[in-house]
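Okay, so here's the structure we're looking at.
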Amino acid sequence: MPVAGLTDGAVEIAPGVHWVGALDPHLRSFDIILKTANGTSYNSYVVRGETGVAVIDTVKESFADTFFTRLESVARYDEITTIVLNHLEPDHSGALPELLKRAPQAKVYLSSRAQMMLKALLKPTGEKPPEYIPVTTDDQVDLGGRTLRFLHTPYLHWPDTQCTYLVEDGILFSGDIFGCHFCDARLFNDRVGDFRFSFEYYYAHIMRPFREHVLDAVALIEPLELSTLCPAHGPILRKQPRDYLHRYRELATPRLFNEAHSEKTLVVFYISAYGNTRRMAEALAAGAERIDGVRVSLYDLEGGEDGIFTDLIEEADGLAFGSPTINADAVKPVWDVLSSLTTVNVKGKLGAAFGSYGWSGEAVRLIEDRLRGLKLRVPVEGLRIKLVPDAGELDACRDLGEQLARHLTGRLETRVIDMAELA
Ligand code: FEO
């Protein structure tokens with residue numbers, strides 16, 4: 001479908017370098033969870049050298065016709081020597097099987113992890129498979145006067161991802177990183193509407209869980225001469241491309257102050273119907289504070305906002321969640337926070353659960369299961385207390401806090417085992 005302001009032909013980025021992607025203005029959610037208020041684009045690029053033509057990424061399968069029409073406007077299939085796959089997610093590899101049929105002579109350059117994943121993506125056709133060439137940082141392809149150099153940038157946001165740098169033109173084809181779901185036929189960042197929100201929203205929902213990998217990638221890219229960033233979605237960043245690189249560095253850098261960097265941080269979240277789980281939380285926090293080197297924070301989920309909690313969670317070393325059990329479940333504000341954990345990297349953090357209950361007390365086990373599912377460590381069994389905690393039970397809460405703090409600092413108590421216990 002033609003989109004207003006854009007012809008069916010390729011769009012020139014630089015002499016011999018073209019955008020041959022597709023616009024999807026009516027998409028309203030991407031991968032189910034990501035809102036796309038004005039759609040998205042699937043960006044594919046063609047680079048022409050004196051001895052070869054490269055196609056970098058393709059488009060979602062349902063937009064293949066548009067892609068091939070644009071591609072044919074700048075290259076014949078028998079000229080294509082090189083196909084680069086920066087990322088295999090179907091929004092970029094959907095037209096690949098057909099492209100391989102039309103340009104069977106092309107060599108396919110991709111990361112080694114992508115090569116492993118490709119089998120699951122491409123159904124066997126019975127035809128001779130193309131030549132796959134796994135590449136990593138500094139490997140390059142000569143197109144005749146034009147050089148494609150690869151950068152190994154995994155987990156942005158799949159294990160397979162890589163970036164491809166067109167050396168002579170200073171153009172980086174970056175895959176999803178630096179992209180956003182923002183559909184605008186004017187294509188270039190100095191022409192399109194205000195896409196700042198989409199750019200930041202995309203980072204927060206796609207790249208944020210992989211911020212260490214983002215920083216690694218930014219470090220690889222920063223030394224490059226950069227005239228244009230060509231991401232796989234959204235505007236082509238030709239005006240002040242380095243601003244977007246700097247913004248990614250800012251976004252991926254830890255954002256909370258930690259005056260004492262050597263301290264471990266434990267954040268205790270709770271919500272309480274009658275004050276019982278709150279008393280448990282306070283006792284747990286007090287117990288954790290007995291251990292030097294642990295900074296403890298206490299937050300009532302009833303009085304906060306998701307965005308701030310997400311920041312706290314991202315920076316914390318340990319997380320304890322307190323919930324009463326209502327109707328055999330943890331309460332919704334706790335689940336809301338637990339569901340938001342998919343947008344940050346929590347793998348390996350310490351997790352724990354506690355809560356007061358009236359009849360059955362399922363909340364604690366359910367929270368622990370969720371924490372384990374998110375790959376947090378849950379080394380200490382959670383604490384369930386029936387209704388009002390008495391003095392002894394509050395002592396148990398303090399002990400739980402102390403144990404968690406010891407696990408955080410690595411200062412576990414040595415336990416002397418009586419030989420009679422082993423009998
Ligand atoms: Fe745009 Fe991860 O696919």
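When a ligand or atom number is given, it counts from 1 through the structure's own listing order. All residue numbers refer to positions in the sequence shown, counting from 1.
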H157 and H213 aromatic centres sub-6.0 Å: no
Carboxylate-amine/guanidinium contact D311 R208, below 4.0 Å: yes
Which N, O or S atom of E89 lies nearest to atom 2 (Fe) of ligand 1, by name: OE1
Angular separation of OD2 (D176) and NE2 (H87) seen from atom 2 (Fe) of ligand 1, to 10°: 90°
Atom name of the N, O or S atom in H233 that lies nearest to atom 1 (Fe) of ligand 1: NE2
Y244 ring center within less than 6.0 Å of F178 ring center: no
R149 to Y165 six-membered ring, cation-pi geometry met (6.0 Å, 45°): no
H92 near atom 1 (Fe) of ligand 1: N/O/S under 2.8 Å: yes
Atom name of the N, O or S atom in D91 that lies nearest to atom 1 (Fe) of ligand 1: OD2
Heteroatom of H157 nearest to atom 2 (Fe) of ligand 1 (N, O or S, atom name): NE2
R295/E289 ion pair, N-O < 4.0 Å: no
